[in-house]
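Counting starts at 1 for both ligands and their atoms, in listed order. Quick note: residue numbers are just sequence positions, from 1. Predicted, not measured: the structure shown is a model, and the values here were computed from it.
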Amino acid sequence: MDNRPIGFLDSGVGGLTVVKELMRQLPHEEIVYIGDSARAPYGPRPADQIREYTWELVNFLLTKNVKMIVFACNTATAVAWEEVKAALDIPVIGVILPGSSAAIKATRHKKIGVIATPMTVTSDIYRKKVESLDPSVRVTSLACPRFVPLVESNETGSSLAKKVVYETLTPLKGRVDTLVLGCTHYPLLRPIIQNVMGPDVKLIDSGAETVRDISVLLNYFEINRSRELNHKQDVFYTTAGVASFQTIAENWLHQSISVEHVSLKEALSDE
Ligand code: DGL
């Protein structure tokens, strides 16, 4: 038993797609979330910068005494997960392996598409993971740099979002039977993505798949939170404005939450 919270990190609001699934599958676990919306998107940034920012998020979560860290961000997973996992003595979970395995299970004709940020696509990590699990599968990757700004600015229901998703995904239409949403922000655009790709294409939510792994690790290390503790206090930190984060988060999670602004510089210099 370990009653400390689970830490989640993302460049912004995308990791909430993982949190939503955690709240559904493991509702008694307590959450500390940090979204770096002030510096989102991470995807078009150089790897060294993403690594530096990710370490800041990790160090911030460590000040909150978390028992496990979930990289609720594909881009940070692609760049820094291996390194952080090797350096810490608590479990560190990434989103890419669970998404890859789920896509292999779902594909009928061994044609998997991956949509992700420019860095995740450049790293080629999904293709490598999928092909290492099943070399007969064909992976087609596509960077969607215009998606994250739409989500961060709460424009997922707009006609601009429809236009951008349509224009971006048209080259993939008819070429894949399974599509990995390889960025945790993308499930917020899911209805539009499904509409453009057509009802026969199976969408894989990499973040939601990750919660199964979280559950397995909590059991394996025997660090579940006691079910006898009724009260829990989830806290969501954002490096940008509280109001915007709160609006997007509460719409997505269908519940009111506690959001605080944090300056990482100040929080980490206090240490
Ligand atoms: N949500 C993140 C991901 O899963 C990062 C998006 C970004 O900041 O570019 O890749």
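- Among all non-hydrogen protein atoms, the one lying nearest atom 1 (N) of ligand 1 is His185 ND1, 2.7 Å.
- Remark: side-chain polar atoms of Trp81 are not paired, donor with acceptor, to backbone N or O of Phe71 under 3.5 angstrom.
- In this structure, the protein non-hydrogen atom closest to atom 3 (C) of ligand 1 is Asn74 N, 3.2 Å.
- Looking only at heavy atoms of the protein, atom 10 (O) of ligand 1 is closest to Thr75 OG1, 2.6 Å.
- Residue pairs that meet the ring-ring contact (aromatic ring centres under 6.0 Å, His included) test with at least one member in residues 173-208, sequence neighbours left out, are Phe147-Tyr186.
- Any N or O atom pair closer than 3.5 Å counts here, and Val148 shares no such pair with ligand 1.
- Here is the list of ligand 1 atoms found below 4.0 Å of a heavy atom in Pro41: 7 (C), 8 (O), 9 (O).
- Using a 4.0 Å cut-off between a side-chain N of Lys or Arg and a carboxylate O of Asp or Glu, Glu56 and Arg39 qualify as a salt bridge.
- When non-hydrogen atoms are compared, ligand 1 lies under 4.0 Å from the backbone of Thr184 as well as from its side chain.
- Looking at Thr107, its side chain does come within 3.5 Å of a backbone N or O of Lys111 through a donor-acceptor pair.
- For a threshold of 3.5 Å applied to N or O pairs, the pair formed by Thr120 and ligand 1 contains no separation below that value.
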May I have the list of side-chain donor-acceptor pairs in residues 84-102 shorter than 3.5 Å, sequence neighbours left out?
from, atom 1, to, atom 2, distance (Å)
Ser100, OG, Ile96, O, 2.8
Ser101, OG, Leu97, O, 3.0

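- If you look at Val95 next to ligand 1, there are no close heavy atoms at all, none under 4.0 Å.
- For atom 9 (O) of ligand 1, the closest heavy atom belonging to the protein is Gly43 N, 2.8 Å.
- Given atom 5 (C) of ligand 1, the protein heavy atom at minimum distance is Ser11 OG, 3.3 Å.
- A salt bridge links Lys67 with Glu29: the distance from a Lys NZ or Arg NE/NH1/NH2 to an Asp or Glu carboxylate oxygen falls below 4.0 Å.
- Of all heavy-atom pairs spanning Gly43 and Pro118, the tightest one is O-CB, 3.7 Å.
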